[in-house]
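Structure first, commentary second.
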Amino acid sequence: MRIGSGYDVHRLGEGRDLILGGVKIPYEKGLIGHSDADVLTHAIMDALLGAAALGDIGKLFPDTDPAYKGIDSMLLLKKVGEAIGKEGYLIENIDSTVIAQEPKLRPYIDTMRERLAEALELSVDQVSVKATTEEHMGFTGSGEGMAAQAVCMLSSVREAYSVDVTAAGACTGCGPEGCPMRK
Ligand code: MG
């Protein structure tokens, strides 16, 4: 098993959509960034990449690259999921926390979990999203920005089966869709 952690922060500003976990949330401000600035999805991607020791999202998707300007972070999350699968890892679970003073996120949490699970081809019960405030303290408390933290666990394909499918000749390697043995 391997563990990963991710953390991200984005500034809030006028004239931007607020996207968290792939869900557009009605609010007077949105997060500012080169991509859609989905701070939750960015923290989750960094947790996954960290667990596989594949670097971070800045390495994979540089914010100086115009290809990623305004991009839907769910597309990037799918690419991260594919990269994890190619390395022979399975995602066991993800836990995450959005830190924001407002708006209230409870009504959107389950939809975020569904969107994140769908992008990674996981079941919803493998993806946890929580939300908290920092009691009006600091940059999240003042509404200057939002933060997100995430952790995840990965197992290798070999760990997932009592029989070593590689040794048994049954494993043909993980393609871009991830492990075919898992489907
Ligand atoms: Mg970010």
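Counting convention: from 1, in listed order, for ligands and their atoms alike. Everything numeric in this text was worked out from a predicted model, so none of it was measured. Values reported hereafter were calculated over all heavy atoms of this structure, with side chains retained and with hydrogens, waters and symmetry mates removed.
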Check: Can you list the residues that meet the salt bridge (Lys or Arg N to Asp or Glu O under 4.0 Å) rule with Lys78, with sequence neighbours excluded?
Finding: none
N/O donor-acceptor pairs under 3.5 Å from side chains in residues 43-51, not counting sequence neighbours:
unit_1, atom_1, unit_2, atom_2, d
Asp46, OD1, Ile57, N, 2.8

Next item on the list: Under 2.8 Å from the Mg ion (ligand 1), which protein N, O or S atoms are there? Could you list them by chain and number?
Entry: Asp8 OD2, His10 NE2, His42 ND1
Check: Between the side chains of Glu134 and Thr140, is a donor N or O closer than 3.5 angstrom to an acceptor N or O?
Finding: yes
Notebook entry, point to check: Where do Asp95 and Lys130 land on the salt bridge (Lys or Arg N to Asp or Glu O under 4.0 Å) test, with the steps shown first?
Noted result: CA-CA 8 Å; Asp95 185 23; Lys130 312 185 301 298; 2.8 Å; yes
Margin query: Going by the rule side chain to side chain contact (heavy atoms under 4.5 Å, CB included), which residues pair with Ile71 if we only count those two or more places apart in sequence or in a different chain?
Written below: Ser35, Tyr68, Leu75, Leu76
Checklist line | Worked verdict on Lys59 versus Asp56 for salt bridge (Lys or Arg N to Asp or Glu O under 4.0 Å) | finding: CA-CA 5 Å; Lys59 180 180 170 189; Asp56 57 29; over 6 Å; no
